[in-house]
Enquirer: 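A single structure is presented below for examination.
Remember, it's 1-based here, ligands and their atoms both numbered in the order they're listed. Position 1 is the first residue of the sequence, and the numbers go up from there.
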Amino acid sequence: MKKITVAIDGYSSCGKSTMAKALARQVGYAYIDTGAMYRCVGLYALTHSYLQDGKVDEGFLQEMMSGIQITFRPNSEGRSEPYLNGVGVESQIRTLAISEAASVVSQYRYVRSAMVSQQQAMGQSKGVVMDGRDIGTVVFPDAELKIFVMASDEVRARRRYDELVAKGEEGLCYENVLAMVRERDYRDTHRAESPLVQAEDALVLDNSHMTIEEQNEWLLAAFERAVRG
Ligand code: DC
């Protein structure tokens with residue numbers, strides 16, 4: 001069967017990675033979480049003090065990026081996990097602080113072009129499901145299947161809040177998480193470099209009122225049509 005590229009873009013916390021992972025597993029494709037790559041850069045920027053007062057000094061971007069190597073390796077259950085300079089960072093990058101740091105570093109052109117080249121290399125043989133913000137518009141504008149996922153900001157904040165509580169994050173308040181979701185949406189859609197926009201040829205999925213099973217079925221059906229098409 002012919003292999004295709006599946007690009008899944010959309011707002012933060014709208015369940016992109018859940019559906020992307022499920023599809024990749026079902027159809028035997030590689031899954032690449034590009035948000036995890038920006039989170040790795042954010043983690044590095046924070047821990048090496050490149051990120052200060054909500055920004056990185058442009059003069060240090062090249063030095064910062066030259067210190068970063070991001071790879072993915074399967075865990076014991078076969079799920080791919082990010083490694084930053086050889087160290088597994090899956091749980092470290094899922095905190096609220098790293099969400100913020102990733103959102104900041106992903107605004108810089110230098111950071112984006114380094115990440116985009118790496119993503120293009122990872123997906124060059126097709127047979128890949130990649131999720132992010134600019135996959136169908138910048139990384140793989142010729143992807144055979146493009147999905148743009150959305151859900152209301154309240155639904156996304158509730159999902160994010162529940163996820164963070166389940167991971168043991170303390171002192172959380174739903175209203176703050178909602179404010180952060182809106183702030184990240186604003187930054188993701190208004191940045192000068194590759195802002196989040198829906199590709200013209202993307203299929204739109206609003207999953208505000210769908211179960212995970214329903215969205216997985218919807219995606220699998222779209223995939224099967226694209227492979228036949
Ligand atoms: O999907 P996520 O929440 O893990 O993404 C983390 C941050 O990285 C988010 O603020 C948007 C940014 N990002 C991006 O700019 N481009 C991508 N392809 C993926 C994520």
Side-chain angles (χ1 to χ4, degrees), residues 5-21 31-46 51 54-56 61 65 68 70 72 79-82 84 89-123 128-141 143 146-151 153 155-157 159-164 167 169 177-199 202 207:
T5 301
V6 182
I8 303 186
D9 289 305
Y11 293 91
S12 67
S13 308
C14 64
K16 297 184 300 290
S17 57
T18 304
M19 62 197 280
K21 266 184 222 161
Y31 164 62
I32 308 222
D33 173 357
T34 65
M37 298 172 74
Y38 289 96
R39 286 170 181 270
C40 284
V41 177
L43 173 64
Y44 188 88
L46 260 189
L51 183 53
K55 54 183 188 309
V56 180
L61 280 173
M65 292 311 289
I68 297 179
I70 301 165
F72 287 91
R79 280 199 301 272
S80 104
E81 292 193 342
L84 172 59
V89 289
E90 171 60 27
S91 59
Q92 256 176 290
I93 60 167
R94 302 296 169 190
T95 65
L96 217 44
I98 300 302
S99 297
E100 287 301 296
S103 173
V104 171
V105 296
S106 64
Q107 297 179 84
Y108 295 97
R109 177 189 296 202
Y110 195 85
V111 172
R112 299 206 70 82
S113 65
M115 293 295 101
V116 168
S117 316
Q118 202 174 331
Q119 289 152 11
Q120 288 171 333
M122 287 170 166
V128 72
V129 182
M130 204 173 270
D131 76 356
R133 304 291 189 287
D134 58 346
I135 312 304
T137 49
V138 176
V139 183
F140 290 115
K146 299 182 188 178
I147 312 289
F148 191 81
V149 194
M150 49 173 63
D153 41 8
V155 165
R156 289 183 292 124
R159 290 176 185 162
R160 186 86 186 113
Y161 175 85
D162 291 346
E163 201 177 280
L164 289 165
K167 283 191 180 137
E169 186 123 7
V177 175
L178 177 60
M180 281 177 166
V181 162
R182 288 180 173 152
E183 207 179 303
R184 283 222 283 155
D185 285 356
Y186 186 86
R187 273 207 295 263
D188 287 351
T189 51
H190 287 78
R191 65 177 176 229
E193 295 301 323
S194 316
L196 170 65
V197 283
Q198 183 190 320
N207 66 11

Enquirer: Once you restrict to heavy atoms under 4.0 Å, what part of D188 touches ligand 1? Side chain, backbone, both or neither.
Expert: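 Side chain only.
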Enquirer: Would you mind telling me if ligand 1 is within reach of the side chain of R187, the backbone, both or neither, using heavy atoms under 4.0 Å?
Expert: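 It is neither; nothing of R187 touches ligand 1.
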Enquirer: Under 3.5 Å between some N or O of ligand 1 and some N or O of D134?
Expert: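 D134 vs ligand 1: N/O contact under 3.5 Å present.
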Enquirer: Hey, does the side chain of Q118 reach the backbone of I70 with a donor-acceptor pair shorter than 3.5 angstrom?
Expert: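 Judged by distance alone, yes, a pair lies under 3.5 Å.
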Enquirer: For T34, take its heavy atoms, then give the atoms of ligand 1 lying under 4.0 Å from any of them.
Expert: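 Reading through ligand 1 atom by atom, the close ones are 17 (C), 18 (N), 19 (C).
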Enquirer: Please lay out, stage by stage, how R187 and E100 fare under the test salt bridge (Lys or Arg N to Asp or Glu O under 4.0 Å).
Expert: CA-CA 10 Å; R187 273 207 295 263; E100 287 301 296; 3.1 Å; yes
Enquirer: Where's the contact between R191 and ligand 1, heavy-atom distance under 4.0 Å: side chain, backbone, both or neither?
Expert: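 For R191, only side-chain atoms sit under 4.0 Å from ligand 1.
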Enquirer: Return yes when M37 approaches ligand 1 closer than 4.0 angstrom through a heavy atom, no otherwise.
Expert: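 No, that is not the case, since the closest heavy atom of the residue is not under 4.0 Å from the ligand.
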Enquirer: Would you check if M122 and F72 make a side-chain contact, meaning some heavy-atom pair closer than 4.5 Å?
Expert: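 Sidechains of F72 and M122: in contact.
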Enquirer: Would you say ligand 1 has an N or O under 3.5 Å from any N or O of D131?
Expert: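 The answer is no, given that D131 and ligand 1 share no N or O pair closer than 3.5 Å.
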Enquirer: Provide the number and element of each atom of ligand 1 under 4.0 Å from a heavy atom of S106.
Expert: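 Per the distance check, 12 (C), 15 (O).
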Enquirer: May I ask you to list the atoms of ligand 1 that are less than 4.0 angstrom from any heavy atom of R39?
Expert: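 Atoms satisfying the 4.0 Å criterion: 2 (P), 3 (O), 4 (O), 6 (C).
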Enquirer: Please list the nearest protein heavy atom to atom 8 (O) of ligand 1 with its residue and the distance rounded to 0.1 Å.
Expert: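 Sorting protein heavy atoms by distance from atom 8 (O) of ligand 1 puts Y38 CB, 3.5 Å first.
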Enquirer: Okay, side chain of N207, backbone of C14: is any donor-acceptor separation there less than 3.5 Å?
Expert: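 Yes: the side chain of N207 pairs with the backbone of C14.
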Enquirer: Which part of R112 is near ligand 1, with near meaning a heavy atom under 4.0 Å away: side chain, backbone, both or neither?
Expert: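 It is the side chain that gets close, since no backbone atom is under 4.0 Å.
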Enquirer: Taking R112 for the side chain and Q107 for the main chain, is one N or O donor matched with an acceptor at less than 3.5 Å?
Expert: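 Such a contact is absent between R112 side chain and Q107 backbone.
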Enquirer: Using a 4.0 Å cut-off to any heavy atom of A102, which atoms of ligand 1 qualify?
Expert: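 Listed by number with element: 6 (C), 7 (C).
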Enquirer: Which atoms from ligand 1 have a heavy atom of S103 less than 4.0 Å away?
Expert: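 Those qualifying, in numeric order: 10 (O).
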Enquirer: Given 3.5 Å as the limit, does a donor-acceptor pair link the side chain of R160 with the main chain of S13, or not?
Expert: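 Not a single qualifying donor-acceptor pair exists.
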Enquirer: Report the part of R184 (side chain from C-beta onward, or backbone N, CA, C, O) that has a heavy atom under 4.0 Å from ligand 1; answer both or neither where that applies.
Expert: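 Near ligand 1, R184 shows its side chain, while the N, CA, C and O stay back.
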Enquirer: Does the R39 side chain pair with the main chain of R94, one donor and one acceptor, at a distance under 3.5 Å?
Expert: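 Pair absent, no side-chain N/O of R39 close to backbone of R94.
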Enquirer: Quick one: does V149's side chain get under 4.5 Å of D131's, heavy atoms only?
Expert: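 No, their side chains stay 4.5 Å or more apart.
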Enquirer: May I ask you to decide if P141's main-chain N or O and K146's side chain share a donor-acceptor pair within less than 3.5 Å?
Expert: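 At least one qualifying donor-acceptor pair exists.
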Enquirer: Any donor-acceptor pair under 3.5 Å linking the side chain of D9 with the backbone of F148?
Expert: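 Not a single qualifying donor-acceptor pair exists.
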Enquirer: Considering both backbone and side-chain atoms of R133, is one of its nitrogen or oxygen atoms within less than 3.5 Å of a nitrogen or oxygen in ligand 1?
Expert: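 Yes: some nitrogen or oxygen of R133 is under 3.5 Å from one in ligand 1.
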